[in-house]
Amino acid sequence: MLEVNGLRKKFGRKPALRGISFTVSRGEVFGLLGHNGAGKSTALGIILGMVKPNAGQARIEGISVQKHRSAALRRAGAIFESPSFYDYLSGWDNLRVLMTYSGGFDARAAREIVAQVGLSERIRSKVGAYSHGMRQRLALAQALLPEPRVLLLDEPTNGLDPEGIKWFRDFVLRLRAERGMTVLFNSHLLPEVEQMCDRVAIIRQGRLVYEGDLAGIADERVLLRIDAGPPDRVVGVLRELGGEDLGDGRTAFPAGTDPAEVARRVVTAGADLRELSPARRSLEDLYLEMTNPAES
């Protein structure tokens, strides 16, 4: 559904993207990750035809955004950067005006989308009185009105409270389940990405440093969460077993390590073992590995 091939972009002499390539399959929720300034928004701007690349191109359903922008973008809806609305107009009038700019306003379809995003009761109120969460829902309604096949979301949950974040996550996942929507999700909120996305790409200083399934981030080693003490009776035992302290109470052991043997050795050393349970490598672990300059 979405292809990004060899994107390069410089602003002045500063490279923003250095040959980024990735693909997003139909019905997939794909996360684009990176520090502020890594190049995520530049990549999304190129996909939307708002930024001209120095090299490379983006395709939506096989249509080049750079060569046939209007035809390509008819297949996409987007929330990019901070959505802007006319504060003195109602939410309804904003949708009517903005959709007229891009090809026409269907009132029946608009009422359905407004109901889906939960704005029916306030859609006739002036946008100037909207909360941040309501503005984001209005932006989502605008993005969905053209009935897109691809939804491009640039930090859509920034500034939302936990309830708003959960609503947004559930809504996007429902779009995928019910409509087969393809979603590119640009965010720095790793727990949200981990709950929403099938695959991720990580950008560091304009370079793609990882692309793959979230299921593929699992560590081949045996990861255990261990709570035992005193430390002087535990550290040496874990080191003898090849354990590596990962922080957050987790220790990684060589593949094939038997957790029962770890427990036996800790207890035999005279330590009090309060917890020993399986742990897992997280998206945060992978992200920090891939974006830590010390690792490059």
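Bear in mind that the values here come from a model prediction, so they are computed numbers and not experimental data.
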For the side chain of Thr157 and the backbone of Leu160, is there at least one donor-acceptor N/O pair under 3.5 Å apart? no
Linked, directly or transitively: Ile79 and Met50 (ILVMFWY side chains, under 4.5 Å): no
Beyond-backbone contact of Leu144 with Phe171, side-chain heavy atoms, under 4.5 angstrom: yes
So does Gly27 get a backbone contact from the side chain of Thr182, meaning a donor-acceptor N/O pair under 3.5 Å? yes
With rounding to the nearest 0.5 angstrom, report the CG to CG distance, Leu273 to Asp227. 8.0 Å
Assess whether salt bridge (Lys or Arg N to Asp or Glu O under 4.0 Å) is satisfied between Asp87 and Arg135, documenting all intermediate values. CA-CA 10 Å; Asp87 284 354; Arg135 284 174 175 265; 2.6 Å; yes
Under 4.5 Å between any side-chain heavy atoms of Gln66 and Pro53, yes or no? yes
How many angstroms lie between CD1 in Ile226 and CG in Leu276, if you round to the nearest 0.5 Å? 5.0 Å
Can you confirm whether Tyr86 sits close enough to Val97 that some side-chain heavy atom of one is under 4.5 Å from a side-chain heavy atom of the other? yes
Indicate the atoms forming the closest heavy-atom contact of Ala76 with Ile60, along with that distance. CB-CD1, 4.0 Å
Work out which heavy atom in Gly77 is nearest to a heavy atom in Pro148; give both atom names and the distance. N-CB, 3.3 Å
Short question: side chain of Arg207, backbone of Gly19 - any donor-acceptor pair under 3.5 Å? no
Any donor-acceptor pair under 3.5 Å from Arg69 side chain to Gly49 backbone: yes
Consider only side-chain heavy atoms of I, L, V, M, F, W and Y, link residues closer than 4.5 Å, and tell whether Met181 and Leu152 are in one cluster. no
Val266 and Leu238, any side-chain heavy atoms less than 4.5 Å apart: yes
Above 12 or not: heavy atoms from other molecules or residues under 6.0 Å from CG of Asn36? no
Considering residues, nucleotides and ligands other than Arg174, do more than 12 of their heavy atoms fall under 6.0 Å from its CZ? yes
Value rounded to 0.5 Å, distance of CZ in Phe85 from OH in Tyr130: 9.0 Å
Out of curiosity, Ser41 OG to Asp154 CG, how far, rounded to the nearest 0.5 Å? 4.0 Å
Glu261 bridged to Arg264 by N-O distance under 4.0 Å: yes
d(Arg233 CZ, Thr268 OG1) to nearest 0.5 Å is 12.5 Å
Of all the heavy-atom pairs spanning Thr100 and Arg96, show the shortest one and how long it is. OG1-O, 2.6 Å
Heavy atoms of Ala201 and Leu208 approach each other most closely as CB-CD1, 3.6 Å
Under 4.5 Å between any side-chain heavy atoms of Arg59 and Leu2, yes or no? no
Distance to the ring centre below 6.0 angstrom and angle to the axis at most 45 degrees; does that hold for Arg137 and Trp167? yes
For the pair Arg75 (side chain) and Ala71 (backbone), establish whether a donor and an acceptor sit closer than 3.5 Å, ignoring hydrogens and angles. yes
Which pair of heavy atoms, one from Leu173 and one from Met196, lies closest together, and at what distance? CD2-O, 3.7 Å
Identify the heavy atoms of Val24 and Arg199 that sit nearest to each other, and give their distance. CA-NH2, 4.0 Å
Could you check whether any side-chain N or O of Asp93 sits under 3.5 Å from a backbone N or O of Leu89, counting only pairs where one atom can act as donor and the other as acceptor? no
Hey, does Thr257 have a side-chain heavy atom less than 4.5 Å from the side chain of Pro254? yes
Under a 4.5 Å cut-off applied to non-hydrogen side-chain atoms, are His35 and Arg204 in contact? no
For Lys166 and Asp170, what are the C-alpha separation, side-chain angles and deciding distance, and is it a salt bridge (Lys or Arg N to Asp or Glu O under 4.0 Å)? CA-CA 6 Å; Lys166 183 180 185 306; Asp170 292 345; 2.6 Å; yes
Can a donor-acceptor pair be found, under 3.5 Å and without considering hydrogens, that links the side chain of Gln136 to the backbone of Pro156? yes
Check for me, please, whether Val114 and Phe168 land in the same ILVMFWY cluster - side-chain distances under 4.5 Å, paths through other members count. yes
Identify whether the distance between the nearest side-chain nitrogen and carboxylate oxygen of Arg176 and Glu28 falls below 4.0 Å. no
Within a radius of less than 6.0 Å around CD of Glu121, do more than 12 heavy atoms belonging to other residues, nucleotides or ligands occur? no
Identify whether Val4 and Val150 are in the same connected component of the hydrophobic contact network (ILVMFWY, side-chain heavy atoms under 4.5 Å). yes
Taking the side chain as every heavy atom from C-beta outward, state whether Thr251 and Glu244 have any atom pair closer than 4.5 Å. no
Okay, side chain of Lys10, backbone of Asn54: is any donor-acceptor separation there less than 3.5 Å? no
Mind checking whether Leu153 and Leu33 sit in one hydrophobic cluster, side chains of I, L, V, M, F, W, Y counted as touching below 4.5 Å? yes
